[in-house]
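Here the structure comes first, spelled out in structure tokens, and everything after it is commentary.
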Amino acid sequence: MSKAGNNAMDDAARQRIVEELCSARPKLHGVDDAMPSGLGLRNDVLRHLGGSLRTGMRTLETGCGYSTVLFAAAGCRHTAISPSPEEHARIARFCADQGISVAHVAFVAASSLDVLPTMKRDPLDVVLIDGLHAFPAPFIDWYYTAERIVTCGLLVVDDTNIRTGRILRDFLVQEKGRWALRAEMKRTSFFEKLVPRVIDGIDWPMQPYCATKIASPTRRLRRWIRRKVTKHASRAASR
Ligand SMILES: C[S@@+](CC[C@H](N)C(=O)[O-])C[C@H]1O[C@@H](n2cnc3c(N)ncnc32)[C@H](O)[C@@H]1O
């Protein structure tokens with residue numbers, strides 16, 4: 001981890017910020033200043049993420065909002081990527097009102113799909129994937145950040161209730177030895193990275209999620225018929 005920043009808040013002040021976000025749920029999201037919304041992480045996730053951050057961590061998120069406030073309050077050297085400068089301005093205003101410095105936050109006003117492939121591959125301690133959820137965005141976000149996460153670093157996947165997030169979560173759960181599921185809330189999963197290389201040189205047969213046979217509808221039907229026949233036969237035999 002890099003050297004500690006010098007403008008982090010103390011633990012009590014950070015705790016206060018987390019609780020302020022949980023109770024106020026400020027409207028920081030959206031491009032329309034006349035109709036901002038509050039699409040931030042759920043309160044249990046905010047509390048868990050808040051407790052996982054340390055001053056000086058190198059962090060990156062796709063999307064921005066309450067999470068950005070947490071990274072800033074913890075004194076992380078943070079990058080927040082979202083295509084909406086309006087959101088960045090609202091977050092900066094909210095932080096100023098709460099006495100949180102954004103001196104170590106780089107707001108990148110672009111789509112993560114465009115910007116991540118061009119970024120320097122500096123190491124990261126924590127990555128939050130919570131930007132565009134349409135296919136294939138979360139996978140691209142993961143592809144361009146996974147190798148950058150240090151061993152023992154944290155990957156947070158939000159919105160696993162959406163199919164893209166769910167596939168990424170299910171894939172990572174099966175990547176035992178490379179990733180470990182450390183915490184799970186309703187629709188958010190926290191993974192620890194266990195080894196330096198998680199993509200390069202790993203072909204699909206080495207990935208349990210890909211190597212598992214897809215059950216064809218015919219095979220599923222055959223299995224169902226076999227179960228029914230067995231059940232019927234054992235009932236008949238016991239009569
Ligand atoms: C659900 S919100 C993020 C919530 C945030 N983590 C929080 O705690 O408040 C989704 C975010 O994704 C951003 N977004 C939309 N399209 C994007 C893209 N192509 N690349 C990166 N971010 C994107 C939106 O602007 C919005 O900030």
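This one's a predicted model, so the numbers in the text were calculated from it and none came from an experiment. We count ligands from 1, going down the list as the structure has it; atoms in each ligand are counted the same way. In this chain, numbering begins with 1 at the start of the sequence shown.
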Polar contact flag for S84 and ligand 1 (N/O pairs, less than 3.5 Å): no
Crowding at OH, Y143 (>12 non-hydrogen neighbours, <6.0 Å): no
Element-labelled atoms of ligand 1 that are located less than 4.0 Å from some non-hydrogen atom of C64: 3 (C), 4 (C), 5 (C), 7 (C), 9 (O), 27 (O)
N/O donor-acceptor pair under 3.5 Å between T164 side chain and H133 backbone: yes
D130 N/O to ligand 1 N/O under 3.5 Å: yes
Protein residue, atom and distance nearest to atom 13 (C) of ligand 1, heavy-atom basis: G63 CA, 3.8 Å
Heavy-atom closest pair, residues W142 and L155: CD1-CD2, 3.6 Å
Atoms in ligand 1 with a heavy atom of L39 nearer than 4.0 Å: 1 (C), 4 (C)
Min N/O separation L41 to ligand 1 under 3.5 Å: yes
Element-labelled atoms of ligand 1 that are located less than 4.0 Å from some non-hydrogen atom of S111: 18 (C), 19 (N), 20 (N)
Per-atom contacts of ligand 1 with I81, taking only distances under 4.0 Å to non-hydrogen atoms: 21 (C), 22 (N)
Plane angle bin for Y66 and H29 - parallel if under 30°, tilted between 30 and 60°, otherwise perpendicular: tilted
Nearest neighbour in protein (non-hydrogen) for atom 27 (O) of ligand 1: E87 OE1, 2.7 Å
Contacts of type side-chain contact (heavy atoms from CB on, under 4.5 Å), residue R16, not counting sequence neighbours: M9, Q98
Proximal ligand 1 atoms for S112, defined as those under 4.0 Å from one of its heavy atoms: 18 (C), 20 (N), 21 (C)
Lys/Arg-Asp/Glu bridge criterion (N-O < 4.0 Å) met for R166, D159: no
Closest approach of any protein heavy atom to atom 14 (N) of ligand 1, naming residue and atom: P83 CD, 3.6 Å
F191-M57 co-clustered via ILVMFWY side chain contacts under 4.5 Å: no
Check ion pair E147-R197 (N to O, under 4.0 angstrom): yes
N or O pair under 3.5 Å between H133 and ligand 1: no
